Every structure is written in structure tokens, then in C-alpha cells.
Student: 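This is the structure, below, for whatever I ask next.
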Amino acid sequence: MLISHYLINFYSKTQLPLDSQRVFEETQVKSSTSWSSVISCFAQNELPCFAIEFFRRMLGFGVRPDDHIFPSAMKASGMLSWREFGRSVHCLALKTGFDGDVFVGSSVVDMYAKCGEIRDARTVFDRMPVRNVVSWGGMICGYTQLGEDEEALRLFKQALWEGLDVNDFAFSSVIRVCGNSTLLELGKQIHGLCLKTSYDSSSFVGSSLVSLYSKCGVIEGAYQVFEEIPERNLGMWNAMLIACAQHAHIEKAFDLFKQMESVCMKPNFITFLCVLYACSHGGLVEEGKHYFELMKVYGIEPGDQHYASMVDLLGRAGRLQDAVSIINGMPIKPTESVWGALLTGCRIHKDTELAVYAADRVFELGQVSSGMHVLLANAYAAAGRYEDAAKARKMLRDRGVKKETGLSWVEQGNCVHTFAAGDRRHPISGEIYQKLKELGEEMERAGYVADTSFVLREVGSDEKNQAIRYHSERLAIAFGLITFPPERPIRVMKNLRVCGDCHTAIKFMSKCSGRVIIVRDNNRFHRFEDGKCSCGDYW
DNA sequence: CTAGGGTTAG
């Protein structure tokens with residue numbers, strides 16, 4: 001009789017939830033361990049609804065959940081973001097006295113964090129009688145998932161302070177924080193700690209490090225981490241691929257993909273997003289089509305993001321009709337990002353008619369995201385449909401969305417220096433403007449002519465006209481020219497796209513100053529050296 | 001005695 005109990009567990013361990021369930025249903029006497037096996041198996045195999053259904057059934061049978069079952073139920077609630085359900089399970093744990101268990105407590109923390117209830121997560125965390133690396137790691141990770149980066153870093157520091165044995169889990173979380181906020185110096189320090197504790201060979205840490213260095217503009221650092229870790233899982237390969245795509249190392253990206261095939265590492269949907277992204281940045285239409293077709297060979301169904309990538313690639317390359325064909329051939333409903341990609345192509349190649357068509361389709365979707373309104377308004381205005389343009393702008397206002405302010409920042413030591421266009425708040429603002437004035441004269445002698453079309457389109461008043469000549473990235477670069485040693489590349493981060501005039505200007509800045517200038521805008525890197533940019537003016 | 005909690009890549 002007991003053999004079936006072993007069988008349930010065997011199928012659970014071998015990740016065969018349906019087989020586990022089948023034996024479970026056939027078994028007369030259902031022990032709490034069997035319930036536990038089958039519920040955890042559902043939770044671990046992306047079947048949270050089944051896990052919760054079985055949890056409910058179990059309660060109906062009068063079986064009391066124990067310290068092994070609660071964590072699986074919590075996990076399932078978290079996966080579904082079922083806040084109220086998770087809360088009720090938590091209450092049950094409190095009532096039955098299991099809340100003091102470190103496994104149960106950790107899973108409750110994670111559940112609340114996944115449901116966006118970070119305060120509740122913290123309350124539970126603070127009240128836990130016993131905490132271990134998992135509880136700390138879960139709490140730190142919870143903060144990072146909700147974008148509460150500062151609190152995540154603070155907690156990480158506290159964990160170190162308390163002499164806790166911080167493991168690769170927490171390391172990868174905080175390194176991700178550094179990557180997202182482009183805190184290179186802090187990230188390097190944490191990398192140093194990883195080396196000391198030998199967690200640097202973890203592939204989770206490795207992927208985060210590759211991503212950190214890439215996002216901070218240090219592609220060489222990303223390559224180095226990648227080369228030094230022999231055990232590369234899919235996350236590592238994907239992190240390296242996206243780094244190559246962001247830095248326009250297109251050939252290297254294709255090479256990595258070949259290497260993956262040669263070591264039998266099976267690509268997933270993210271891998272294909274990475275290579276399509278690389279093709280898009282390089283304007284390589286035929287290669288993009290090749291990889292898109294290759295998805296079928298690997299049995300991966302293209303998602304809306306893959307279609308958006310293809311439309312982006314074709315649209316940017318001016319093949320708008322091909323882009324439309326792709327959309328028409330989609331087996332799934334085109335999403336906003338797909339139409340958005342088409343709109344971008346239309347804007348570049350000035351196809352007002354198609355832009356309006358795409359804009360109408362976006363409107364039909366009902367839900368319009370904040371970044372899209374500007375694209376829509378511009379598309380309608382260009383076609384003379386001013387009423388619709390006004391409608392798009394009104395939607396934006398009604399939702400209280402403000403246009404994002406363009407900011408650029410450079411990191412120096414432990415400080416981040418941030419600049420807005422025409423900003424004079426920086427302590428050495430005087431020197432910065434002086435530097436730009438001098439450099440500007442030199443640039444003009446070298447042949448730089450300001451392209452005023454970027455000014456006229458956006459603003460009317462003279463005041464703003466003045467400001468636009470001092471776009472935030474130019475201020476940040478000037479700051480770097482003044483303060484950084486000559487051999488150090490100037491790395492500037494920007495939250496919006498670099499305008500065409502600044503792109504040209506920075507090329508001249510690199511030539512006249514003899515510096516390497518690396519600018520990351522909202523979607524890729526530009527490496528300026530000796531008057532040329534790595535993007536080949538295609539961005 | 002067979003069962004449990006966290007992560008990387010877009």
C-alpha cells in the first residue's frame with residue numbers, strides 16, 4: 001500500500017505532476033506527505049492553480065496543513081499574485097502556530113513581496129524569530145523586484161554587518177540593483193566581495209555581473225566575467241548575448257549563438273529576442289529573418305515581442321510593407337508594442353498614412369501606455385488629423401502622465417552627477433559651460449554645423465532654444481572632460497534617446513578631445529571614438 | 001519514513 005506513496009513522490013521529484021496526480025487520485029489513504037508531494041509538484045512546475053485547488057481540497061478533507069505544505073501553498077499564491085488568498089493562508093499558518101517556522105516565514109515573505117505587499121513582507125520578516133540566508137535573500141530580492149533599490153542595498157549592508165553568510169542568491173539580487181541603476185563603482189565593490197567569498201563562480205551571480213558591466217558601458221568587463229565562468233547556463237549565454245546586442249557587437253552575438261549550438265545549449269525565447277535585437281541594431285534584415293525562421297526549428301512559438309522585433313527591424317530598414325505583412329500574418333493579436341514598432345518605422349521613413357493606420361489600431365486596443373501617446377499624437381499631427389492628435393494628448397493629461405524629463409548622469413567615485421538640459425545647478429557649472437563654449441569653437445573649426453531642425457520641431461521660445469544647445473548629455477560629457485583623467489573613457493547614461501544633433505556633436509567632441517565617450521541612451525550604447533560612433537549612425 | 005522556502009537573462 002505504501003508503495004503508492006513512494007510513487008507519488010517519485011513522479012513529483014521527476015517533475016511529472018500529472019503522473020503524480022494520477023497515482024495520488026488512485027490511492028485510498030492520502031497521507032499529509034502525499035498531499036504535500038503533489039501540491040509542491042504543481043507549484044514547482046508552473047501549475048499554481050492546480051496547487052491551490054489541491055490545497056483547498058485537502059482542507060476540505062479535514063487534513064491540517066503542516067510546515068511542509070504551507071511553503072508550497074504560499075509559493076503558488078505568490079506566483080498568481082493572489083494577495084487575499086495568500087493572506088488567508090498566512091492567517092491559517094498563524095492560527096495553527098506554524099508562523100514561527102523559518103521555512104514557512106520565508107515563504108510568507110516571498111509571497112507578500114510577489115503580491116506587491118512589501119510592507120507586509122517586511123513586517124513578517126522583522127517578526128521572524130529565526131532568520132537564515134533564505135529569509136534575508138528573499139527579503140532583499142523582494143525589494144529589488146519592486147524597484148525599492150535603496151532599501152535592498154541597505155538590507156544587504158545590514159546582512160553583511162550582522163556577519164550573515166550572504167550567499168550567491170543575495171549577491172545576484174544586489175548586483176542586479178547596481179546594474180539597473182548603473183552604479184558601476186558599487187557593483188565593482190560587490191564583485192570584489194563575490195571573489196572573496198568564491199560566489200563569483202555561481203552562474204546566477206555571473207549573469208548578473210555580465211549584465212551589470214554591460215549596462216554600465218563596460219563591455220570588456222562583461223566579456224571577462226563570461227570567459228572566467230566555465231559553467232555557463234542559459235541565463236549566462238543570454239546575458240552575454242544581450243550585452244553584445246546593446247553594444248552593437250553584432251558579429252560576436254552571431255558567433256555566440258553558433259557556440260551555443262556547438263555545445264548543445266538549447267536557446268529559449270529570450271535567446272531569440274536577443275539575436276533579433278542584435279539584428280535590429282545592425283539593420284541586418286536577412287539575418288533577422290533567418291533567426292526568426294530558426295525559432296520554428298527549435299519549436300519556439302514567436303511571442304508578441306519577437307513580432308515587435310521583426311517589425312522594428314523591417315520598419316527601421318525602410319521595408320514598411322514587409323513589416324505590415326509580418327503583422328498581417330501573425331497568429332496572435334498584435335499588441336501595442338507591435339504597432340509601436342511600426343509607428344517608429346513610419347516616423348523614420350515619414351510614412352504618415354501608414355502611421356495613422358497603426359495609430360488607429362492602437363486606439364482600438366483601448367489600453368494605451370504612457371510612452372505611446374506621444375507617438376500617436378505626432379502621427380496624427382503629421383497627417384493633419386489635429387482632433388485625434390488633441391485626443392491623444394488629452395488622454396495623456398487625463399491620466400496625469402508627464403513627459404519624462406531628459407536626464408544624463410556620470411558616476412565619479414561614490415557620487416552620481418545628474419544633469420538636465422540647460423542645468424546650472426551643478427557646483428562647477430561655470431567651468432562646464434566654459435568648457436562647452438571652447439570645445440564648441442574647436443568643433444566648428446573641425447566642420448561641425450548644428451542641425452537646428454531638432455530644435456524647431458520641439459520648441460518655440462528662445463529660452464528653450466538656448467537650452468537645447470545644452471542638452472543634458474553634453475553637460476555630463478563636459479563634466480567628464482574636466483574631471484576625469486585623460487585615459488579614462490567618459491561613460492554617460494541617459495534616460496531618453498540621444499537626438500540627432502547631439503549624436504553628431506558628440507562625434508566631434510570625441511575627435512577634438514581625443515577621448516573615448518560612451519553614451520547609453522534608453523535602448524543602446526554609443527561608443528564615440530575619433531569622430532566615429534559604434535552604432536554606424538543607425539539607431 | 002517520501003514532502004517544504006529564494007535567484008540570473010528581456
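A note on names: the letters A, B, ... follow the listed sequences, proteins ahead of strands, and every chain is numbered from 1. Any value given below was found using the heavy atoms of this structure, including those in side chains, with hydrogens, waters and symmetry copies removed. Not measured: the values here are computed from a predicted model.
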Student: Remember a base hit wins even if backbone is also touched, and classify A:Gly235 as base, sugar-phosphate or nothing at under 4.0 Å, heavy atoms.
Tutor: base
Student: Taking CD1 from A:Ile270 and P from B:dT7, how many angstroms apart are they, rounded to a whole number?
Tutor: 14 Å
Student: Go through B:dA9, B:dT7, B:dT2 for me and flag the one nearest to the A:Cys141 side chain.
Tutor: B:dT7
Student: Would you say A:Arg22 has more than 12 foreign heavy atoms packed within less than 6.0 Å of its CZ?
Tutor: yes
Student: So if I take every side-chain heavy atom of A:Ser211 and compare against B:dG10, B:dT7, B:dG5, which nucleotide ends up nearest?
Tutor: B:dG10
Student: Filter on ring-ring contact (aromatic ring centres under 6.0 Å, His included), then keep only pairs touching residues 58-88 of chain A, sequence neighbours left out; what's left?
Tutor: A:Trp35-A:Phe61, A:Phe70-A:Phe98
Student: Measuring from the side chain of A:Ile242 (C-beta onward, heavy atoms only), which nucleotide among B:dG6, B:dG4, B:dG10 has the closest atom?
Tutor: B:dG10
Student: Between B:dA9, B:dG5, B:dT7, which nucleotide has the shortest distance from any of its atoms to the side chain of A:Lys114?
Tutor: B:dT7
Student: Tell me what A:Phe10 touches on the nucleic acid: a base, only sugar-phosphate, or nothing, going by heavy atoms under 4.0 Å.
Tutor: nothing
Student: For DNA chain B, find the residues of residues 180-208 of chain A with a heavy-atom distance under 4.0 Å and give them by number; none if there aren't any.
Tutor: A:Ser203, A:Phe204, A:Ser207, A:Ser208
Student: Kindly say whether, by distance alone, the side chain of A:Asn167 makes a donor-acceptor pair under 3.5 Å with the base of B:dG6?
Tutor: yes
Student: Just to be sure I understand the geometry, which residues of residues 47-72 of chain A put a non-hydrogen atom under 4.0 Å away from DNA chain B?
Tutor: A:Asp66, A:Asp67, A:His68, A:Pro71, A:Ser72
Student: Across the strands shown, which category fits A:Asn9 at heavy-atom distances under 4.0 angstrom: base, sugar-phosphate, nothing?
Tutor: sugar-phosphate
Student: Per the side-chain hydrogen bond (donor to acceptor under 3.5 Å, both in side chains) rule, what does the pair list look like for residues 39-49 of chain A, sequence neighbours excluded?
Tutor: none
Student: Please list all pairs meeting salt bridge (Lys or Arg N to Asp or Glu O under 4.0 Å) that have one or both residues in residues 168-194 of chain A, counting only residues at least two apart or in different chains.
Tutor: none
Student: Give, ordered by number, those residues of residues 218-227 of chain A having at least one heavy-atom distance below 4.0 Å to an atom of DNA chain B; if nothing qualifies, reply none.
Tutor: none
Student: Counting only heavy atoms not in A:Phe50, do more than 12 fall under 6.0 Å of its CZ?
Tutor: no
Student: If you only use heavy atoms from C-beta on, which nucleotide in B:dT7, B:dA9, B:dG4 is closest to the side chain of A:Arg176?
Tutor: B:dA9
Student: Starting at CZ of A:Phe42 and ending at P of B:dG4, how long is that distance when rounded to a whole Å?
Tutor: 15 Å
Student: The side chain of A:Ala239 is closest to which nucleotide in this list: B:dT7, B:dG5, B:dA9?
Tutor: B:dA9
Student: Take atom CG of A:Asp168 and atom P of B:dG6, then tell me their distance rounded to the nearest Å.
Tutor: 14 Å
Student: Flag yes if more than 12 heavy atoms outside A:Glu231 fall under 6.0 Å of its CD atom; otherwise flag no.
Tutor: no
Student: For A:Met111 and B:dG4, give me the distance from atom CE to atom P, rounded to whole Å.
Tutor: 20 Å
Student: Suppose the criterion is side-chain hydrogen bond (donor to acceptor under 3.5 Å, both in side chains): which pairs have a residue in residues 126-139 of chain A, not counting sequence neighbours?
Tutor: A:Ser106-A:Ser135, A:Arg122-A:Asp126, A:Asn132-A:Ser135
Student: Which pairs, with at least one residue in residues 51-67 of chain A and sequence neighbours excluded, count as a salt bridge (Lys or Arg N to Asp or Glu O under 4.0 Å)?
Tutor: A:Glu25-A:Arg57
Student: Is A:Glu261 salt-bridged to A:Lys258, cutoff N-O under 4.0 Å?
Tutor: no
Student: Under the 3.5 Å rule, do the base of B:dG10 and the side chain of A:Asn238 count as making a donor-acceptor pair?
Tutor: no
Student: Rounded to the Å, how far apart are A:Leu155 CG and B:dT7 C1'?
Tutor: 16 Å
Student: Within the 4.0 Å heavy-atom criterion, would you say A:Gln246 contacts the bases, only the backbone, or no part of the nucleic acid?
Tutor: nothing
Student: Got a sec, which pairs hit salt bridge (Lys or Arg N to Asp or Glu O under 4.0 Å) with one end in residues 198-225 of chain A, sequence neighbours left out?
Tutor: A:Glu220-A:Arg527
Student: Measuring from atom NZ of A:Lys289 to atom CD1 of A:Ile326, what distance do you get when rounded to the nearest 0.5 angstrom?
Tutor: 7.5 Å
Student: If I take atom CZ in residue A:Phe24 and atom P in nucleotide B:dT2, what distance separates them, rounded to the nearest angstrom?
Tutor: 18 Å
Student: Taking only heavy atoms on the protein side, list every residue of residues 274-294 of chain A lying under 4.0 Å from any atom of DNA chain B, sorted numerically.
Tutor: none
Student: So if I take every side-chain heavy atom of A:Asn233 and compare against B:dT8, B:dG10, B:dG4, which nucleotide ends up nearest?
Tutor: B:dT8
Student: List for me each residue that meets salt bridge (Lys or Arg N to Asp or Glu O under 4.0 Å) alongside A:Glu293, sequence neighbours excluded, and say none if there are none.
Tutor: A:Lys296
Student: Does this structure show an ion pair linking A:Arg232 with A:Glu227, if we count only N-O contacts that are shorter than 4.0 Å?
Tutor: yes
Student: Ion pair present between A:Arg520 and A:Glu411, side-chain N to carboxylate O less than 4.0 angstrom?
Tutor: no
Student: Could you state the CE-C1' distance from A:Met240 to B:dA9, rounded to the nearest angstrom?
Tutor: 12 Å
Student: Base, sugar-phosphate, or nothing for A:Val109, non-hydrogen atoms under 4.0 angstrom?
Tutor: nothing
Student: I'd like to know if A:Ser106 reaches the base of B:dG5 with its side chain such that a donor and an acceptor end up less than 3.5 angstrom apart.
Tutor: yes
Student: Who passes salt bridge (Lys or Arg N to Asp or Glu O under 4.0 Å) against A:Arg361, sequence neighbours left out?
Tutor: A:Glu364
Student: How long is the gap from NE2 on A:His90 to CE on A:Met111, to the nearest 0.5 Å?
Tutor: 7.0 Å
Student: Atom CZ of A:Phe169 to atom C1' of B:dT7: distance rounded to whole Å?
Tutor: 4 Å
Student: Base, sugar-phosphate, or nothing: which does A:Asn132 touch, judged by heavy atoms less than 4.0 Å apart?
Tutor: base
Student: Is the distance from OP1 or OP2 of B:dG6 to the nearest side-chain N or O of A:Gln145 less than 4.0 Å?
Tutor: no
